[in-house]
Amino acid sequence: MSRKILIVDDSPVARRILFSILPSDDTLILEAANGREGVACYEEHRPDIVFMDLTMPVMDGFEAIEKIHALDPEAVIFAVTADVQPKSVAKARQLGALDVLRKPPSVETIVGLLGKAYKQRDTQKAARRLPPDGLLSTDEIETLKEIMNIAFGNATADLAEVIDVHVKLSLPDVKLVDGGALPNEIVRAVDAYQDTSLVNQSFWGDFKGNSLLVFPRRAAPKILQLIQPEDTPFLTDAASTALERETLLEIGNILIGACVGKIASLLHTIVTYSPPLVMHRDPEAYQAYMQSVPPGQKAILMETVFSIDENDIHGMLMILTDALSINWLRKALTDFLEGFL
(Lines give C-alpha, C1' and ligand atoms only; values in the text may rest on other atoms or scores of the structure.)
Protein backbone atom coordinates (compact mmCIF):
# COMPACT_ATOMS: atom_id res chain seq x y z
CA MET A 1 0.00 0.00 0.00
CA SER A 2 1.46 3.37 -1.05
CA ARG A 3 2.14 5.85 1.80
CA LYS A 4 2.57 9.62 1.80
CA ILE A 5 4.76 11.54 4.24
CA LEU A 6 5.01 15.35 4.36
CA ILE A 7 8.12 17.09 5.73
CA VAL A 8 7.60 20.77 6.58
CA ASP A 9 10.81 22.65 7.45
CA ASP A 10 12.40 25.89 6.20
CA SER A 11 15.85 24.27 6.34
CA PRO A 12 16.74 22.18 3.28
CA VAL A 13 19.43 20.49 5.39
CA ALA A 14 16.88 19.47 8.03
CA ARG A 15 14.56 18.15 5.31
CA ARG A 16 17.45 16.18 3.76
CA ILE A 17 18.38 14.62 7.12
CA LEU A 18 14.79 13.48 7.74
CA PHE A 19 14.42 12.35 4.13
CA SER A 20 17.47 10.09 4.53
CA ILE A 21 15.96 8.42 7.60
CA LEU A 22 12.52 7.73 6.14
CA PRO A 23 11.83 4.51 4.18
CA SER A 24 11.94 4.98 0.42
CA ASP A 25 10.11 1.82 -0.67
CA ASP A 26 6.50 2.48 -1.68
CA THR A 27 6.51 5.86 0.10
CA LEU A 28 5.98 9.26 -1.48
CA ILE A 29 7.93 11.96 0.38
CA LEU A 30 6.47 15.47 0.02
CA GLU A 31 8.30 18.64 1.13
CA ALA A 32 7.28 22.17 2.10
CA ALA A 33 9.52 25.10 3.14
CA ASN A 34 7.13 26.81 5.57
CA GLY A 35 3.83 26.32 7.36
CA ARG A 36 1.72 27.95 4.67
CA GLU A 37 3.15 25.63 1.99
CA GLY A 38 2.70 22.73 4.39
CA VAL A 39 -1.00 23.44 4.90
CA ALA A 40 -1.57 23.77 1.13
CA CYS A 41 0.34 20.53 0.48
CA TYR A 42 -1.68 18.70 3.13
CA GLU A 43 -4.96 19.92 1.68
CA GLU A 44 -3.97 18.70 -1.80
CA HIS A 45 -2.33 15.36 -0.97
CA ARG A 46 -3.74 14.30 2.43
CA PRO A 47 -0.53 12.54 3.55
CA ASP A 48 -0.59 9.78 6.16
CA ILE A 49 2.01 11.49 8.37
CA VAL A 50 3.38 15.04 8.76
CA PHE A 51 6.74 15.96 10.28
CA MET A 52 6.48 19.64 11.22
CA ASP A 53 9.17 22.10 12.29
CA LEU A 54 7.92 24.69 14.75
CA THR A 55 10.16 27.70 14.01
CA MET A 56 9.68 28.86 10.39
CA PRO A 57 9.08 32.10 8.46
CA VAL A 58 5.80 33.02 6.70
CA MET A 59 3.81 30.66 8.96
CA ASP A 60 5.27 28.82 11.94
CA GLY A 61 4.61 25.22 12.84
CA PHE A 62 2.16 26.00 15.65
CA GLU A 63 -0.22 27.79 13.30
CA ALA A 64 0.27 25.19 10.60
CA ILE A 65 -0.59 22.34 13.00
CA GLU A 66 -3.75 24.17 14.03
CA LYS A 67 -4.83 24.79 10.41
CA ILE A 68 -4.14 21.21 9.33
CA HIS A 69 -6.22 19.90 12.23
CA ALA A 70 -9.02 22.22 11.14
CA LEU A 71 -8.86 20.54 7.71
CA ASP A 72 -8.55 17.03 9.14
CA PRO A 73 -9.10 16.42 12.87
CA GLU A 74 -7.52 12.98 12.47
CA ALA A 75 -4.26 14.26 10.93
CA VAL A 76 -1.16 12.48 12.29
CA ILE A 77 1.46 15.18 12.97
CA PHE A 78 4.84 14.95 14.68
CA ALA A 79 6.65 18.16 15.57
CA VAL A 80 10.41 17.93 14.84
CA THR A 81 12.10 20.95 16.37
CA ALA A 82 15.09 22.44 18.15
CA ASP A 83 12.66 24.30 20.42
CA VAL A 84 11.95 21.69 23.07
CA GLN A 85 11.11 24.11 25.87
CA PRO A 86 8.33 22.65 28.05
CA LYS A 87 5.86 25.39 27.07
CA SER A 88 6.59 24.92 23.36
CA VAL A 89 6.16 21.15 23.65
CA ALA A 90 2.90 21.55 25.57
CA LYS A 91 1.54 24.07 23.06
CA ALA A 92 2.35 21.83 20.07
CA ARG A 93 0.59 18.89 21.69
CA GLN A 94 -2.37 21.02 22.68
CA LEU A 95 -2.77 22.14 19.05
CA GLY A 96 -2.74 18.54 17.83
CA ALA A 97 0.83 17.24 17.50
CA LEU A 98 0.90 13.55 18.39
CA ASP A 99 4.43 13.90 19.76
CA VAL A 100 7.38 16.34 19.75
CA LEU A 101 10.81 15.11 18.62
CA ARG A 102 14.12 16.82 19.29
CA LYS A 103 16.25 17.63 16.22
CA PRO A 104 17.87 15.60 14.79
CA PRO A 105 15.68 12.53 15.46
CA SER A 106 17.33 9.11 15.54
CA VAL A 107 16.58 6.35 13.05
CA GLU A 108 15.22 4.16 15.86
CA THR A 109 12.83 6.88 17.00
CA ILE A 110 11.48 7.47 13.48
CA VAL A 111 11.04 3.76 12.72
CA GLY A 112 9.16 3.25 15.97
CA LEU A 113 6.88 6.20 15.34
CA LEU A 114 6.07 5.17 11.77
CA GLY A 115 4.68 1.80 12.81
CA LYS A 116 2.48 3.40 15.46
CA ALA A 117 1.37 6.21 13.17
CA TYR A 118 0.51 3.95 10.20
CA LYS A 119 -1.56 1.70 12.43
CA GLN A 120 -3.47 4.68 13.81
CA ARG A 121 -4.04 6.16 10.35
CA ASP A 122 -5.23 2.86 8.88
CA THR A 123 -7.64 2.40 11.79
CA GLN A 124 -9.01 5.90 11.24
CA LYS A 125 -9.50 5.35 7.51
CA ALA A 126 -11.20 2.00 8.04
CA ALA A 127 -13.51 3.46 10.66
CA ARG A 128 -14.56 6.28 8.31
CA ARG A 129 -15.44 3.76 5.59
CA LEU A 130 -17.48 1.41 7.77
CA PRO A 131 -21.23 1.51 7.29
CA PRO A 132 -23.48 1.78 10.36
CA ASP A 133 -23.73 -1.99 10.81
CA GLY A 134 -19.92 -2.25 10.84
CA LEU A 135 -19.80 -5.43 8.73
CA LEU A 136 -18.31 -4.36 5.41
CA SER A 137 -16.69 -1.09 4.42
CA THR A 138 -17.52 0.77 1.22
CA ASP A 139 -14.19 -0.33 -0.29
CA GLU A 140 -14.90 -3.96 0.60
CA ILE A 141 -18.35 -3.85 -0.97
CA GLU A 142 -16.95 -2.27 -4.16
CA THR A 143 -14.22 -4.92 -4.26
CA LEU A 144 -16.79 -7.69 -3.85
CA LYS A 145 -18.86 -6.21 -6.70
CA GLU A 146 -15.84 -6.31 -9.02
CA ILE A 147 -15.01 -9.88 -7.98
CA MET A 148 -18.62 -10.89 -8.65
CA ASN A 149 -18.43 -9.15 -12.03
CA ILE A 150 -15.26 -11.06 -12.97
CA ALA A 151 -16.64 -14.34 -11.65
CA PHE A 152 -19.96 -14.19 -13.49
CA GLY A 153 -18.19 -13.18 -16.68
CA ASN A 154 -16.08 -16.30 -16.26
CA ALA A 155 -19.22 -18.38 -15.67
CA THR A 156 -20.96 -17.14 -18.82
CA ALA A 157 -17.84 -17.95 -20.83
CA ASP A 158 -18.10 -21.52 -19.54
CA LEU A 159 -21.78 -21.60 -20.51
CA ALA A 160 -20.93 -20.36 -24.02
CA GLU A 161 -18.74 -23.45 -24.49
CA VAL A 162 -21.83 -25.63 -23.93
CA ILE A 163 -24.44 -23.47 -25.66
CA ASP A 164 -23.52 -21.21 -28.56
CA VAL A 165 -25.07 -18.06 -27.11
CA HIS A 166 -24.05 -14.59 -26.00
CA VAL A 167 -25.06 -13.65 -22.45
CA LYS A 168 -25.70 -9.98 -21.76
CA LEU A 169 -24.49 -9.08 -18.28
CA SER A 170 -25.56 -6.35 -15.88
CA LEU A 171 -23.49 -4.77 -13.14
CA PRO A 172 -23.73 -6.90 -9.98
CA ASP A 173 -25.17 -5.59 -6.74
CA VAL A 174 -23.92 -6.41 -3.24
CA LYS A 175 -25.93 -5.65 -0.12
CA LEU A 176 -26.10 -6.59 3.54
CA VAL A 177 -29.41 -8.22 4.47
CA ASP A 178 -30.88 -9.13 7.83
CA GLY A 179 -32.05 -12.74 7.97
CA GLY A 180 -35.57 -11.58 8.71
CA ALA A 181 -35.61 -9.59 5.46
CA LEU A 182 -34.18 -12.38 3.31
CA PRO A 183 -37.55 -13.92 2.37
CA ASN A 184 -38.67 -10.53 1.02
CA GLU A 185 -35.49 -10.27 -1.07
CA ILE A 186 -36.14 -13.69 -2.58
CA VAL A 187 -39.83 -12.95 -3.13
CA ARG A 188 -38.75 -9.77 -4.93
CA ALA A 189 -36.56 -11.81 -7.26
CA VAL A 190 -39.21 -14.46 -7.81
CA ASP A 191 -42.01 -11.96 -8.40
CA ALA A 192 -39.90 -10.26 -11.06
CA TYR A 193 -40.47 -13.36 -13.20
CA GLN A 194 -43.93 -14.38 -11.94
CA ASP A 195 -44.11 -18.13 -12.68
CA THR A 196 -40.60 -19.14 -11.64
CA SER A 197 -38.10 -21.97 -11.64
CA LEU A 198 -35.19 -21.83 -9.22
CA VAL A 199 -31.96 -23.80 -8.98
CA ASN A 200 -30.53 -23.85 -5.47
CA GLN A 201 -27.00 -25.04 -4.67
CA SER A 202 -25.11 -24.80 -1.36
CA PHE A 203 -21.35 -24.44 -1.03
CA TRP A 204 -18.94 -24.87 1.88
CA GLY A 205 -15.47 -23.75 2.91
CA ASP A 206 -14.05 -20.50 4.26
CA PHE A 207 -16.50 -18.93 1.82
CA LYS A 208 -19.84 -20.67 2.36
CA GLY A 209 -23.51 -20.10 1.69
CA ASN A 210 -26.21 -20.71 -0.91
CA SER A 211 -26.70 -19.78 -4.54
CA LEU A 212 -30.06 -19.30 -6.18
CA LEU A 213 -30.48 -19.15 -9.95
CA VAL A 214 -33.88 -17.68 -10.84
CA PHE A 215 -35.56 -18.27 -14.22
CA PRO A 216 -39.10 -17.70 -15.47
CA ARG A 217 -40.69 -21.14 -15.98
CA ARG A 218 -41.03 -20.43 -19.70
CA ALA A 219 -37.22 -20.22 -19.97
CA ALA A 220 -36.71 -23.96 -19.47
CA PRO A 221 -38.17 -25.10 -22.82
CA LYS A 222 -36.37 -22.26 -24.61
CA ILE A 223 -33.04 -23.31 -23.10
CA LEU A 224 -33.81 -26.91 -24.01
CA GLN A 225 -34.35 -25.84 -27.63
CA LEU A 226 -30.91 -24.22 -27.63
CA ILE A 227 -29.09 -27.39 -26.62
CA GLN A 228 -31.18 -29.99 -28.48
CA PRO A 229 -30.08 -31.00 -31.97
CA GLU A 230 -32.61 -30.05 -34.64
CA ASP A 231 -33.29 -33.71 -35.46
CA THR A 232 -34.20 -34.65 -31.87
CA PRO A 233 -37.14 -37.11 -31.85
CA PHE A 234 -40.49 -35.95 -30.51
CA LEU A 235 -40.72 -36.13 -26.72
CA THR A 236 -43.78 -36.82 -24.61
CA ASP A 237 -44.86 -34.15 -22.16
CA ALA A 238 -43.45 -36.16 -19.24
CA ALA A 239 -40.15 -36.77 -21.00
CA SER A 240 -39.92 -33.14 -22.05
CA THR A 241 -40.59 -31.96 -18.48
CA ALA A 242 -37.92 -34.30 -17.13
CA LEU A 243 -35.43 -33.14 -19.75
CA GLU A 244 -36.20 -29.49 -19.02
CA ARG A 245 -35.50 -30.16 -15.35
CA GLU A 246 -32.18 -31.81 -16.20
CA THR A 247 -31.34 -28.86 -18.45
CA LEU A 248 -31.98 -26.38 -15.63
CA LEU A 249 -29.81 -28.46 -13.31
CA GLU A 250 -27.00 -28.46 -15.85
CA ILE A 251 -27.25 -24.71 -16.53
CA GLY A 252 -27.37 -24.06 -12.79
CA ASN A 253 -24.40 -26.31 -12.18
CA ILE A 254 -22.37 -24.44 -14.80
CA LEU A 255 -23.30 -20.87 -13.83
CA ILE A 256 -23.28 -21.36 -10.06
CA GLY A 257 -20.23 -23.61 -9.98
CA ALA A 258 -18.15 -21.40 -12.26
CA CYS A 259 -19.19 -18.16 -10.55
CA VAL A 260 -18.74 -19.31 -6.95
CA GLY A 261 -15.58 -21.19 -7.91
CA LYS A 262 -14.07 -18.10 -9.52
CA ILE A 263 -14.91 -15.96 -6.47
CA ALA A 264 -13.20 -18.57 -4.29
CA SER A 265 -10.20 -18.70 -6.62
CA LEU A 266 -9.78 -14.92 -6.64
CA LEU A 267 -9.90 -14.95 -2.84
CA HIS A 268 -7.40 -17.85 -2.67
CA THR A 269 -9.63 -20.51 -1.16
CA ILE A 270 -11.60 -23.55 -2.30
CA VAL A 271 -15.23 -24.61 -1.90
CA THR A 272 -17.23 -27.81 -2.16
CA TYR A 273 -20.79 -28.03 -3.43
CA SER A 274 -24.01 -29.86 -2.72
CA PRO A 275 -25.88 -31.29 -5.73
CA PRO A 276 -28.05 -28.58 -7.32
CA LEU A 277 -31.78 -28.71 -6.61
CA VAL A 278 -34.56 -27.45 -8.89
CA MET A 279 -37.37 -25.75 -7.02
CA HIS A 280 -40.58 -24.21 -8.29
CA ARG A 281 -42.80 -21.70 -6.57
CA ASP A 282 -43.98 -22.69 -3.07
CA PRO A 283 -42.69 -26.27 -2.63
CA GLU A 284 -41.42 -27.32 0.79
CA ALA A 285 -37.78 -27.09 -0.30
CA TYR A 286 -38.33 -23.49 -1.40
CA GLN A 287 -39.94 -22.62 1.93
CA ALA A 288 -36.98 -24.17 3.77
CA TYR A 289 -34.61 -22.05 1.73
CA MET A 290 -36.60 -18.94 2.61
CA GLN A 291 -35.97 -19.66 6.31
CA SER A 292 -32.28 -20.58 5.94
CA VAL A 293 -30.95 -17.44 7.66
CA PRO A 294 -32.35 -16.72 11.15
CA PRO A 295 -33.79 -13.24 11.85
CA GLY A 296 -31.17 -10.97 13.37
CA GLN A 297 -28.27 -12.66 11.58
CA LYS A 298 -26.64 -10.63 8.83
CA ALA A 299 -26.04 -12.08 5.39
CA ILE A 300 -24.24 -10.77 2.31
CA LEU A 301 -26.39 -10.93 -0.81
CA MET A 302 -24.69 -10.72 -4.19
CA GLU A 303 -26.85 -10.70 -7.28
CA THR A 304 -26.60 -10.09 -10.99
CA VAL A 305 -29.28 -10.00 -13.70
CA PHE A 306 -28.55 -11.42 -17.14
CA SER A 307 -30.21 -12.19 -20.44
CA ILE A 308 -29.42 -14.50 -23.33
CA ASP A 309 -29.48 -12.32 -26.43
CA GLU A 310 -32.04 -12.97 -29.18
CA ASN A 311 -33.72 -15.74 -27.21
CA ASP A 312 -35.87 -13.76 -24.74
CA ILE A 313 -34.34 -15.65 -21.82
CA HIS A 314 -33.76 -13.67 -18.64
CA GLY A 315 -32.49 -14.71 -15.23
CA MET A 316 -30.93 -13.69 -11.96
CA LEU A 317 -28.13 -15.24 -9.93
CA MET A 318 -28.17 -14.61 -6.18
CA ILE A 319 -25.28 -15.68 -3.93
CA LEU A 320 -25.89 -15.59 -0.20
CA THR A 321 -23.10 -15.97 2.34
CA ASP A 322 -23.84 -15.89 6.06
CA ALA A 323 -22.33 -13.94 8.95
CA LEU A 324 -19.97 -16.81 9.80
CA SER A 325 -18.02 -16.08 6.60
CA ILE A 326 -17.84 -12.31 7.02
CA ASN A 327 -14.66 -12.08 9.15
CA TRP A 328 -12.81 -14.38 6.75
CA LEU A 329 -14.24 -12.51 3.77
CA ARG A 330 -13.06 -9.11 5.04
CA LYS A 331 -9.48 -10.35 5.40
CA ALA A 332 -9.62 -12.06 2.00
CA LEU A 333 -10.86 -8.86 0.33
CA THR A 334 -8.06 -6.86 1.95
CA ASP A 335 -5.46 -9.37 0.78
CA PHE A 336 -6.97 -9.31 -2.72
CA LEU A 337 -6.71 -5.51 -2.95
CA GLU A 338 -3.20 -5.35 -1.51
CA GLY A 339 -2.06 -7.70 -4.25
CA PHE A 340 -2.63 -4.85 -6.74
CA LEU A 341 -1.21 -1.95 -4.70
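With hydrophobic clusters built from ILVMFWY side chains whose heavy atoms lie under 4.5 angstrom apart, Leu171 does not share a cluster with Val174. Using a 4.5 Å cut-off between side-chain heavy atoms of Ile, Leu, Val, Met, Phe, Trp and Tyr, with links allowed through other members, Tyr42 and Val58 fall into different hydrophobic clusters. Hydrophobic cluster membership differs between Leu98 and Val100, with clusters built from Ile, Leu, Val, Met, Phe, Trp and Tyr side chains linked at under 4.5 angstrom.
Between the side chains of Thr55 and Asp83, not a single donor N or O lies within less than 3.5 Å of an accepting N or O.
Of all heavy-atom pairs between Met52 and Met56, the closest is SD-CE, 3.8 Å. Of all non-hydrogen atoms in Phe336 and Leu266, the two that sit nearest each other are CD1-O, 3.5 Å. What you find for Val80 and Pro105 is that their closest heavy atoms are CG1-CD, 4.0 Å. Smallest separation of non-hydrogen atoms from Ala155 and Ile254: O-CG2, 4.3 Å. Residue Gly38 comes nearest to Leu6 through the heavy atom pair O-CD2, 3.6 Å, listed as atom of the first residue, atom of the second, then distance. The shortest heavy-atom contact between Thr143 and Leu333 is CG2-CD2, 3.9 Å.
The line from CD1 of Ile5 to CD1 of Ile7 is 7.5 Å long, rounded to the nearest 0.5 Å. Rounded to the nearest 0.5 Å, atoms CD1 (Ile49) and CD1 (Ile110) are 9.0 Å apart. Atom CG of residue Asp10 and atom CD of residue Glu37 lie 10.5 Å apart, to the nearest 0.5 angstrom. Note that the CE atom of Met302 and the CZ atom of Phe152 stand 13.0 Å from one another [nearest 0.5 Å]. Once rounded to the nearest 0.5 Å, the distance linking CH2 of Trp204 with CD1 of Ile270 reads 14.0 Å. The CE atom of Met148 lies 5.5 Å from the CD1 atom of Ile263; values are rounded to the nearest 0.5 Å.
For the pair Lys208 and Phe203, the NZ or CZ position fails the cation-pi test of under 6.0 Å to the six-membered ring centre and within 45 degrees of the ring normal.
Checked by atom type and distance alone, the side chain of Ser274 pairs as donor or acceptor with a backbone atom of Ser202 at under 3.5 Å.
Between Glu146 and Ile150 there is a side-chain heavy-atom pair separated by less than 4.5 Å. Side-chain contact between Leu277 and Val199 is absent, with no heavy atoms from C-beta onward closer than 4.5 Å. At least one side-chain heavy atom of Ile29 sits under 4.5 Å from a side-chain heavy atom of Leu22. Between Val76 and Val50, every side-chain heavy-atom pair lies at or beyond the 4.5 Å cut-off. Using a 4.5 Å heavy-atom cutoff, the side chains of Glu303 and Met316 are in contact. Contact of the Leu267 side chain with the Ile147 side chain is registered, since non-hydrogen atoms from C-beta on lie closer than 4.5 Å. At least one side-chain heavy atom of Cys259 sits under 4.5 Å from a side-chain heavy atom of Ile319. Between Asp60 and Glu63, some side-chain heavy-atom pair lies under the 4.5 Å cut-off.
With Pro276 as reference, Asn253 is the one residue of Ile251, Ile256, Asn253, Leu255 to meet the side chain to side chain contact (heavy atoms under 4.5 Å, CB included) rule.
Checked for salt-bridge contact, Asp206 and Lys331 miss the test: no charged N lies under 4.0 Å from a carboxylate O. Ion pairing between a basic and an acidic side chain is recognised when a charged N comes within 4.0 Å of a carboxylate O; Arg93 and Asp99 show such pairing. Between Asp53 and Lys103 a salt bridge is recorded (basic side-chain N to carboxylate O distance below 4.0 Å).
A 6.0 Å sphere centred on OH of Tyr273 holds more than 12 heavy atoms belonging to other residues, nucleotides or ligands.
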